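Data block below; observations after.
This structure is a prediction, so every number in the text was calculated from the model and none was measured.
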Amino acid sequence: MAGNFNKVFLMGNLTRDIELRHTQSNTAIAKIGLAVNRRYSVGEGGSREQREETTFVECEAWGRTAEVMSQYLAKGRPVFIEGRLRLDQWDDKTSGQKRSRLLVVVENFQFVDSREGGGAGGGGGGGGAAGRAPASARSGGAEQAYDDIPPDDDIPF
């Protein structure tokens, strides 16, 4: 294979309000919980049973994207996210064991509905591009270097 490709597209509902924090250099970081449902059928013929499974995905947005998502989205709201996978690895402070997790770094997002109460301006509506984050809100790889980001347990929420 000539190269690598790391792209994720998810549509789901926020599992909690977005947690916004800032690095020491004042770059915004948003922690986002997303629930993605999958419906499928099992069985054959007339005895098909409908089932559903939910996958919970941790996401992270940076810069203006983080600020816009935090301002206009809240728990339960549907959102379409475009991003990439990142593997975080660390040593657990209590047990000393190596830990890791995959998360999605949000590079772009779209509002899925324009339900009232979604923040300033009602959360969308109005025109062809109303469902997209403004160009200035898309990070486009503007993630900061990890050097100025303290570990999660060192940042008060």
TODO: Any chance you could pull the hydrophobic cluster mates of Tyr40, using side-chain heavy atoms under 4.5 angstrom and chaining through other members?
DONE: Val42
Step through the shown structure and confirm whether more than 12 heavy atoms of other residues, nucleotides or ligands are within 6.0 Å of [atom1] on [X].
| X | atom1 | answer |
| --- | --- | --- |
| Arg39 | CZ | no |
| Glu53 | CD | yes |
| Glu44 | CD | no |

Measure across [X] and [Y] and return the closest heavy-atom pair with its distance rounded to 0.1 Å.
| X | Y | value |
| --- | --- | --- |
| Ala74 | Leu14 | O-CD1, 3.4 Å |
| Ile29 | Ala66 | C-CB, 4.0 Å |
| Leu20 | Glu67 | CD1-N, 4.4 Å |
| Trp62 | Thr27 | CE3-CG2, 3.9 Å |
| Met69 | Val106 | SD-CG1, 4.1 Å |
| Gly76 | Asn13 | O-ND2, 3.5 Å |

Rounded to the nearest 0.5 Å, how far apart are [atom1] of [X] and [atom2] of [Y]?
| X | Y | atom1 | atom2 | value |
| --- | --- | --- | --- | --- |
| Ser70 | Asp17 | OG | CG | 8.5 Å |
| Phe109 | Leu34 | CZ | CG | 12.5 Å |
| Arg38 | Thr55 | CZ | OG1 | 8.5 Å |
| Asp88 | Ser100 | CG | OG | 9.0 Å |
| Ile32 | Ile18 | CD1 | CD1 | 4.5 Å |

Task: Gln89 vs Arg101 side-chain heavy atoms within contact, under 4.5 Å - done: no
Open item on the list: A side-chain contact here means heavy atoms from C-beta on lying under 4.5 Å apart; do Phe80 and Asn108 qualify?
Closed with: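 Result no, sub-4.5 Å side-chain heavy-atom pair not found.
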For the pair [X] and [Y], find out whether any cationic side-chain nitrogen is under 4.0 Å from an anionic carboxylate oxygen.
| X | Y | value |
| --- | --- | --- |
| Glu58 | Arg16 | yes |
| Glu107 | Arg84 | yes |
| Glu82 | Lys7 | yes |
| Arg99 | Asp92 | yes |
| Glu49 | Arg51 | yes |

Open item on the list: Tell me which one of Asn6, Val104, Leu102, Leu103 satisfies side chain to side chain contact (heavy atoms under 4.5 Å, CB included) with Arg86.
Closed with: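 When side chain to side chain contact (heavy atoms under 4.5 Å, CB included) is applied between Arg86 and each of Asn6, Val104, Leu102, Leu103, only Leu103 qualifies.
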Open item on the list: Is there a path of hydrophobic side-chain contacts, each under 4.5 Å between heavy atoms, that joins Val36 and Phe56?
Closed with: no
- [ ] Report the C-alpha separation of Met11 and Gln110 in whole Å, then their side-chain angles, then the decisive distance to 0.1 Å, and conclude whether the side chain to side chain contact (heavy atoms under 4.5 Å, CB included) test is met.
- [x] CA-CA 9 Å; Met11 188 162 62; Gln110 292 183 22; over 6 Å; no
Open item on the list: Which residues pass the side chain to side chain donor-acceptor pair (under 3.5 Å) test with Ser41, not counting sequence neighbours?
Closed with: Gln50
